[in-house]
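A note on names: the letters A, B, ... follow the listed sequences, proteins ahead of strands, and every chain is numbered from 1.
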Number of protein chains: 2
Amino acid sequence: MGTQNSSPVTLRTLADRLGLSVSTVSRVLHAKPDESVRAASGATVERIRKLADELGYRPNPHATSLRTRRSNLVGVLVPRLSDIVLATIYEGIEEAAAENGLSTFVTNTRDVPDVQRARTDMVLGRRVDGLIFGDAYIDAKFLAGIAARGVPFVLVSRRAGEHPSVTCDDYLGGRLAAEHLLSLGHRDVAVIAGEPYASTGIDRTAGFVNTYREAGAEIPATRIVESRFDAAGGRTAAECLLAQGKAPSAIFAVNDFAAIGAIGAARDHGLIVGDDIAIVGFNDTPLAAELPVPLTTIRSPMHEMGYRGLTKLVALMRGEQVESERLPPTLMVRASTTGQA
Amino acid sequence: MGTQNSSPVTLRTLADRLGLSVSTVSRVLHAKPDESVRAASGATVERIRKLADELGYRPNPHATSLRTRRSNLVGVLVPRLSDIVLATIYEGIEEAAAENGLSTFVTNTRDVPDVQRARTDMVLGRRVDGLIFGDAYIDAKFLAGIAARGVPFVLVSRRAGEHPSVTCDDYLGGRLAAEHLLSLGHRDVAVIAGEPYASTGIDRTAGFVNTYREAGAEIPATRIVESRFDAAGGRTAAECLLAQGKAPSAIFAVNDFAAIGAIGAARDHGLIVGDDIAIVGFNDTPLAAELPVPLTTIRSPMHEMGYRGLTKLVALMRGEQVESERLPPTLMVRASTTGQA
DNA sequence: CTGAAAGCGCTTACAG
DNA sequence: CTGAAAGCGCTTACAG
């Protein structure tokens with residue numbers, strides 16, 4: 001209806017048909033409901049709105065952007081959307097973007113600095129009004145350059161430097177995991193710590209390690225191994241831990257998928273997860289509760305992180321001051337630590 | 001380097017500094033390497049390119065789009081990016097898009113028709129040059145409307161009607177699963193069939209069921225249950241199957257995540273997966289091989305589907321004729337069907 | 001209350 | 001080989 005293949009309907013189309021000027025039509029269609037009073041006479045407003053509806057008028061965003069120098073576009077950079085954590089965060093971003101009349105370009109950077117740079121340039125070339133980074137390196141070197149260009153941005157999932165961010169309180173999450181294992185009597189534990197450049201892994205590990213230290217059970221360096229954030233990475237890291245003279249009685253993996261890999265490795269070693277060895281993950285992805293041995297994990301508010309991240313970016317783009325946020329995690333206790341009986 | 005906060009550099013900036021006209025600068029910068037000869041004299045070309053580089057000139061895409069009526073933008077609609085299958089397909093789309101100088105808007109429709117409609121309108125409002133649907137309903141009603149508007153589009157993952165699509169040969173995939181289970185001696189099997197509106201589940205189920213029929217082992221209707229495409233859906237469906245008087249000796253789930261849910265349910269029933277009951281998934285997502293009991297599954301070329309889908313869309317946008325493609329799947333045999341010994 | 005005019009940054013015949 | 005001009009569709013002072 002109205003959206004035929006023929007020549008698209010523009011302000012000019014409407015103006016000509018109504019015998020009005022483009023200015024008037026623009027003013028009316030552009031005005032918020034309450035402002036329209038000042039845009040034109042009541043009758044005119046009605047006529048314009050009616051015809052615009054009938055003809056299915058849709059403003060051309062390129063013309064608007066060219067004129068106003070605002071694109072209502074936001075660039076979103078993530079390590080990989082095939083990581084459900086980032087995909088869920090993006091769902092939150094998208095929801096908030098839609099509510100704010102913004103559209104997003106999302107792109108995978110695979111945590112590779114050259115790709116981060118190239119994709120950021122690409123997105124900036126598209127004249128986005130702001131950026132969201134889900135792939136920040138803790139050293140924040142790259143971000144300093146972006147900040148210098150004056151483009152508003154916010155970080156989600158991972159914090160870096162003093163840049164505005166919305167993250168899970170990962171340190172607290174690590175602490176919750178430690179307190180849980182401590183309460184179960186585990187003194188000899190290990191950590192699958194994630195990538196060394198991501199604040200998520202760093203903070204979760206720190207919260208965990210410090211809590212054990214406070215409990216008088218220092219975790220030796222050999223019990224803390226870096227890993228990729230996927231199942232294969234978790235398996236490799238767990239193999240390494242289980243090959244040690246005396247295996248730990250519990251493992252904290254800073255990511256559910258790494259935890260799943262660790263479960264596989266434990267099983268290969270003839271260990272019954274939940275009985276012979278306790279395993280804790282992080283994020284509470286939907287799979288965690290459905291696993292053959294349901295996974296004890298720290299739930300992080302992924303969707304909310306994205307939603308609030310975009311909301312914060314909107315504030316920033318309006319020139320407001322913003323503060324970083326750390327959203328609280330929750331411990332989800334399941335069979336992987338309490339046993340399968 | 002050139003990308004300061006100050007006034008952006010435009011063709012006008014370059015033209016003024018060089019004492020040339022905007023036309024000439026545009027012609028030179030716009031020309032492909034070999035065409036530049038006809039755009040201006042060698043010396044001029046050099047001067048223009050050099051200054052553009054120094055000043056970091058980036059054409060304003062809104063101006064270009066407004067003028068040329070091409071946006072180099074593509075809309076991508078998927079049920080949910082938090083489904084790794086779609087996320088991986090999107091990675092393929094993004095890769096091909098980057099190679100073709102296109103940018104993408106991706107959006108989640110959750111398989112809800114009203115959302116599909118609304119998001120399609122939104123993306124069309126952004127003046128995309130083409131669309132990719134990863135959320136097609138088999139009945140293709142909605143798509144008929146889009147086709148009538150004359151916007152080029154291609155389907156990925158799910159086929160529908162005669163619209164151009166790039167899919168896995170799902171029927172063949174179902175057949176491979178059946179032949180594998182048949183070769184293992186399973187005669188009494190069941191199917192977790194997915195959503196009834198998605199060609200993926202429909203075709204995989206049909207290939208499986210028909211192969212069993214040909215082998216003289218008709219699968220009764222009670223052994224075929226619909227399901228959501230996630231772990232929780234798979235678990236529910238499996239519960240339903242395992243509650244039947246005599247449980248099947250093997251289950252084919254049309255999706256790895258549903259298979260994982262089924263494994264959990266089987267385990268709850270005291271069955272040892274791979275020994276007491278065989279389970280086959282679909283897609284070979286990265287997790288499949290890393291599960292505690294590695295999952296036998298049908299690998300589908302997800303990344304390639306996306307890549308070829310976008311490539312096909314480019315052809316379509318050029319006005320070329322295109323044919324649908326079905327990419328071949330591969331059987332991956334693992335412990336979930338062959339036992340854990 | 002309404003309109004004429006300028007201009008956002010680009011491309012593309014058309015002239016010379 | 002190079003430039004002047006028109007125009008893509010919109011917004012926004014400015015006048016009246």
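- By the ring-ring contact (aromatic ring centres under 6.0 Å, His included) test, A:His163 pairs with A:Phe153, sequence neighbours left out.
- At distances below 3.5 Å, not a single donor-acceptor pair connects side-chain atoms of B:Asn100 with backbone N or O atoms of B:Leu102.
- Salt bridge annotation for A:Glu94-B:Arg119: present, with a cationic side-chain nitrogen under 4.0 angstrom from a carboxylate oxygen.
- Of the possible polar contacts, one joining the A:Ser65 side chain to the A:Arg70 backbone as a donor-acceptor pair under 3.5 Å is found.
- Taking a cutoff of 4.0 Å between a charged side-chain nitrogen and a carboxylate oxygen, A:Asp53 and A:Arg49 do not qualify as a salt bridge.
- Remark: the backbone N or O of B:Pro79 is not paired with any side-chain donor or acceptor of B:Asp111 at under 3.5 angstrom.
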Problem - Under 4.0 Å protein heavy-atom contacts per nucleotide of nucleotides 6-16 of chain D, with B for base, S for backbone only and - for none - result: BBBBBBB----
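- In this structure, A:Leu18 atom CG and C:dT2 atom P are separated by 11 Å, rounded to whole Å.
- In summary, of the residues considered (B:Lys312, B:Glu95, B:Glu99), a side-chain hydrogen bond (donor to acceptor under 3.5 Å, both in side chains) with B:Tyr307 occurs for B:Glu99 alone.
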Practice task
Represent DNA chain C in dot-bracket notation, 5' to 3'. Only Watson-Crick or G-U wobble pairs with both distances under 3.5 Å count; pseudoknot-style crossings use [ ] and interstrand partners use |.
Solution key: |||.||||||||.|||
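- Between C:dT2 and A:Thr44, a contact under 4.0 Å exists linking OP1 or OP2 to a side-chain N or O.
- A donor-acceptor pair is defined here as one N or O able to donate and one able to accept, closer than 3.5 Å; such a pair exists between the side chain of B:Asn60 and the backbone of B:His62.
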